[in-house]
Amino acid sequence: MSSSLDQRTAPAPEGSRPTPLPRRTRAYALPEVRWALAALGLFLLALPPYLLGGPAWLWGALFAGAYATGGWEPGWEGLKALRERTLDVDLLMVVAALGAAALGQVLDGALLIVIFATSGALEAVATARTADSVRGLLDLAPATATRLLADGAEETVDAGLLAVGDTVLVRPGERIGADGEVVGGASEVDQATITGEPLPVAKETGDEVFAGTVNGTGALRVRVGREPSDSVIARIVRMVEEASRTKAPTQLFIEKVEQRYSVSMVLATLAVFAVPLAFGDDLTSALLRAMTFMIVASPCAVVLSTMPPLLSAIANAGRHGVLAKSAVVMERLGQVDAVALDKTGTLTEGTPRLTDVRPLPGTGLDADALLRLAASAEHPSEHPLARAVVDAARERGLALAPADAFAATPGRGVTATVEGRRIELGSPARLLPDTHHARVHPHSDTRPAHPEADHARVHPENDPAPLVRELEEAGSTAVAVLRDGEPVGVLGVADRLRPDAAATVAALTRLTGRAPVLLTGDNERAARRVAGRVGITDVRAGLLPEEKVAAVRAWEAEGRRVLVVGDGVNDAPALAAAHCGVAMGRAGSDLALETADAVVVRDELAAVPAVVALSRAAHRLVVQNLVIAGAFIAVLVAWDLFGTLPLPLGVAGHEGSTVLVGLNGLRLLRSTAWPRPARG
């Protein structure tokens with residue numbers, strides 16, 4: 001990996017703030033990509049004159065360029081490994097390619113070089129993009145914060161210099177500069193990046209807040225509770241980096257096999273050359289037999305046994321809206337035997353929507369009139385619940401009236417004058433007496449309203465409390481609407497469940513043999529409500545990112561191979577720690593999309609079990625191909641050792657097995673190979 005990826009900032013004059021580098025590393029900036037493109041270009045230029053019988057000096061020079069540009073780096077790394085008494089399989093493949101060229105098989109050798117160079121380039125790009133996203137996460141925390149001094153004065157300081165015990169002022173719309181506790185003020189904080197909660201959470205004195213979350217319309221005074229280096233955001237960065245590195249040891253078995261095969265093949269080739277020579281065979285015959293052995297024993301067919309099925313599965317999944325980032329990912333997807341699902345943005349759509357409009361009898365309002373009144377009052381508000389109400393009114397084609405004297409009390413509700421009437425919207429806990437709400441919990445879905453509305457007049461024959469209970473039991477957030485102090489109706493707003501969520505859970509249960517688990521930062525009541533509707537019984541709610549990672553690692557320690565499906569920044573560490581991570585693409589955060597092994601681009605949850613089933617089909621083809629390739633290699637090697645295998649026949653057998661396993665793997669390109677997704 002280039003050293004430039006390890007530098008977070010560009011050089012800056014002493015005493016000045018460093019200038020951030022571009023968040024996204026360009027592919028062309030990576031040397032692996034440039035060398036791979038050069039090798040591919042030279043290879044493609046050499047093909048026409050080679051296949052059409054052009055001058056040898058032309059295609060020979062172009063092929064030589066492809067060998068040099070694509071093979072020098074793995075060859076050099078292999079030589080360095082050789083100095084440490086380690087035989088790298090890449091070096092062996094470079095030697096095999098050169099040996100093929102020496103025997104006249106220039107095209108085969110060049111193709112092998114190009115494949116290896118392209119694979120290395122793709123790995124470098126994926127690693128660089130993940131590093132970019134991890135570094136970009138640090139931008140969520142503000143660079144500066146307003147610290148309050150003992151005499152009441154304010155000073156702007158670098159957020160990284162805040163110490164435990166400092167008090168900072170967070171103005172409306174600002175990002176909170178440090179993890180801490182609210183010691184003054186009230187507001188609503190959007191902390192979806194940390195907990196995944198779909199709605200802003202009311203915060204008041206005594207509540208915990210996190211660095212990088214966005215303050216609403218109120219001002220907060222926050223006492224710093226953690227050093228910046230130990231904030232939740234900083235811990236997420238460390239966990240993603242550590243979890244990404246922990247995947248490397250899973251490749252150790254493959255590396256050991258490659259090492260042993262490389263050593264065995266070199267020793268066998270030398271023996272095939274030396275033994276006949278010692279018994280009187282001539283040099284040319286012994287060399288030809290040894291090179292034939294190297295060709296037929298070359299692992300090309302074995303390599304192609306694995307890649308075509310997996311690459312075909314990747315292409316097929318891509319056509320159906322699932323991006324698997326590598327062949328290793330496609331293989332891992334089929335190995336999972338446990339699934340953990342996020343709630344907001346994964347099982348649900350992640351956006352509040354109006355579900356119910358319930359006018360009270362005797363008010364003279366029908367559903368459209370009540371919605372028009374509420375949307376007119378909410379129109380100036382930027383709260384997600386207000387947006388849901390206004391959007392629903394617009395979808396129905398309702399003309400909104402101007403709102404005068406609009407007031408939004410942070411953490412409480414809105415009041416406005418619409419067509420000369422005083423309209424209030426907010427939580428039944430504040431607007432309506434004698435409801436079952438005493439106080440809205442900071443993690444509740446419900447938004448409190450204006451405190452003066454605590455004494456609203458409710459006539460027994462027109463009591464909205466039954467409607468409120470009905471909506472909340474159905475999983476909606478209830479919003480009471482008052483006109484001139486009298487309740488006139490109740491609105492229901494909910495984060496809508498995806499239509500294919502229940503069918504997806506059932507399909508994943510059939511594939512893995514156990515029901516998925518729900519991991520969410522949202523509150524317990526909302527989590528269990530959603531879980532009950534989709535058939536999930538194991539619910540872990542109120543989790544911070546590190547707690548999600550701990551749950552995944554505990555399952556991995558039990559021997560499970562866990563698939564995590566999520567969409568937010570708070571899911572990224574678990575996505576990285578899991579055996580395989582899948583991100584929902586439409587609403588997924590940049591970090592989740594880059595950290596995940598696969599992305600559901602079209603946001604169809606049903607595609608998750610479909611791609612798992614496709615991966616298992618690819619694995620079955622890989623096994624078939626390995627049997628075919630192994631049989632060909634065994635027969636050809638035995639023929640060369642115990643008989644006289646003509647070089648052209650050896651090349652034909654080698655290439656024939658390669659073509660056969662390649663065509664077998666391409667079967668997964670057919671549209672019919674994509675499993676039918678689960679449908680709700």
Side-chain angles (χ1 to χ4, degrees), residues 305-342 345-349 497-518 534-536 560-567 575 578-586 588 593 596-627 661-680:
S305 296
T306 304
M307 295 306 293
L310 296 175
L311 293 178
S312 298
I314 289 173
N316 199 338
R319 290 202 305 267
H320 290 85
V322 181
L323 171 63
K325 296 184 179 180
S326 70
V328 173
V329 170
M330 181 54 69
E331 188 175 22
R332 283 174 173 268
L333 282 167
Q335 298 170 348
V336 299
D337 57 11
V339 180
L341 299 170
D342 177 45
T346 301
L347 288 175
T348 67
E349 295 178 348
L497 193 70
R498 292 183 186 272
D500 52 359
T504 296
V505 169
L508 289 171
T509 302
R510 289 193 298 270
L511 284 169
T512 62
R514 55 168 59 93
V517 179
L518 183 62
V534 299
I536 294 177
R560 300 186 192 177
R561 294 173 175 174
V562 183
L563 169 66
V564 172
V565 186
D567 71 307
L575 291 171
H579 184 74
C580 199
V582 175
M584 304 302 292
R586 184 174 300 169
L593 297 180
D597 300 300
V599 177
V600 182
V601 179
R602 298 176 187 170
D603 233 33
E604 296 176 351
L605 187 60
V608 175
V611 76
V612 171
L614 181 67
S615 172
R616 294 186 176 182
H619 176 71
R620 290 192 292 271
L621 285 187
V622 167
V623 173
Q624 293 176 16
N625 283 347
L626 288 173
V627 171
V661 298
L663 291 176
N664 190 41
L666 295 179
R667 289 163 51 196
L668 289 182
L669 283 175
R670 298 175 301 173
S671 297
T672 54
W674 176 255
R676 180 176 296 179
R679 294 297 179 190

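Since the structure is predicted, the reported quantities are computational estimates derived from the model, not experimental observations.
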**Request:** Report the residues that fulfil side chain to side chain contact (heavy atoms under 4.5 Å, CB included) with Arg514, sequence neighbours left out, ordered by chain and then residue number.
**Result:** Asp337, Ala338, Thr512, Arg560
**Request:** With sequence neighbours excluded, tell me which residues meet side chain to side chain contact (heavy atoms under 4.5 Å, CB included) with Ala506.
**Result:** Arg510
**Prompt:** How far does CG of Leu605 sit from CG of Leu508, to the nearest 0.5 angstrom?
**Reply:** 7.5 Å
**Residue pair Thr504 / Arg498, side-chain heavy-atom distance below 4.5 Å** = no
**Message:** Could you tell me if the side chain of Val582 sits less than 4.5 Å from the side chain of Val322, heavy atoms only?
**Reply:** no
**Complete:** Of all heavy-atom pairs linking Ala313 and Ala618, the shortest is CB-CB, 4.1 Å
**Request:** Please report the closest heavy-atom contact between Trp674 and Ala607, naming both atoms and the distance.
**Result:** CH2-O, 4.1 Å
**Asked** Where is the tightest heavy-atom contact between Ala501 and Leu347, given as atom of each residue plus distance?
**Response** CB-O, 3.8 Å
**Prompt:** Under the side chain to side chain contact (heavy atoms under 4.5 Å, CB included) test, which residues partner Ala617, sequence neighbours left out?
**Reply:** Arg620, Leu668
**Item:** Any Arg332 side-chain heavy atom under 4.5 Å of Val336 side chain
**Value:** no
**Prompt:** Who passes side chain to side chain contact (heavy atoms under 4.5 Å, CB included) against Gln624, sequence neighbours left out?
**Reply:** Leu621, Asn664, Arg667
**Prompt:** Is the closest side-chain heavy-atom distance between Val600 and Val611 below 4.5 Å?
**Reply:** no
**Prompt:** How long is the span from the CG atom in Leu341 to the CE atom in Met584, to the nearest 0.5 Å?
**Reply:** 9.5 Å
**Asked** With side chains defined as the heavy atoms from C-beta onward, is the minimum distance between Leu563 and Val608 less than 4.5 Å?
**Response** yes
**Straight-line distance of Asp597 CG to Leu333 CG, nearest 0.5 Å** = 7.5 Å
**Item:** Distance-minimising heavy-atom pair for Leu614 and Ala673
**Value:** CD1-O, 3.5 Å
**Asked** Who passes side-chain hydrogen bond (donor to acceptor under 3.5 Å, both in side chains) against Thr348, sequence neighbours left out?
**Response** Asp495
**Complete:** Interatomic distance, CG@Leu518 vs CD1@Ile536, rounded to 0.5 Å, equals 5.0 Å
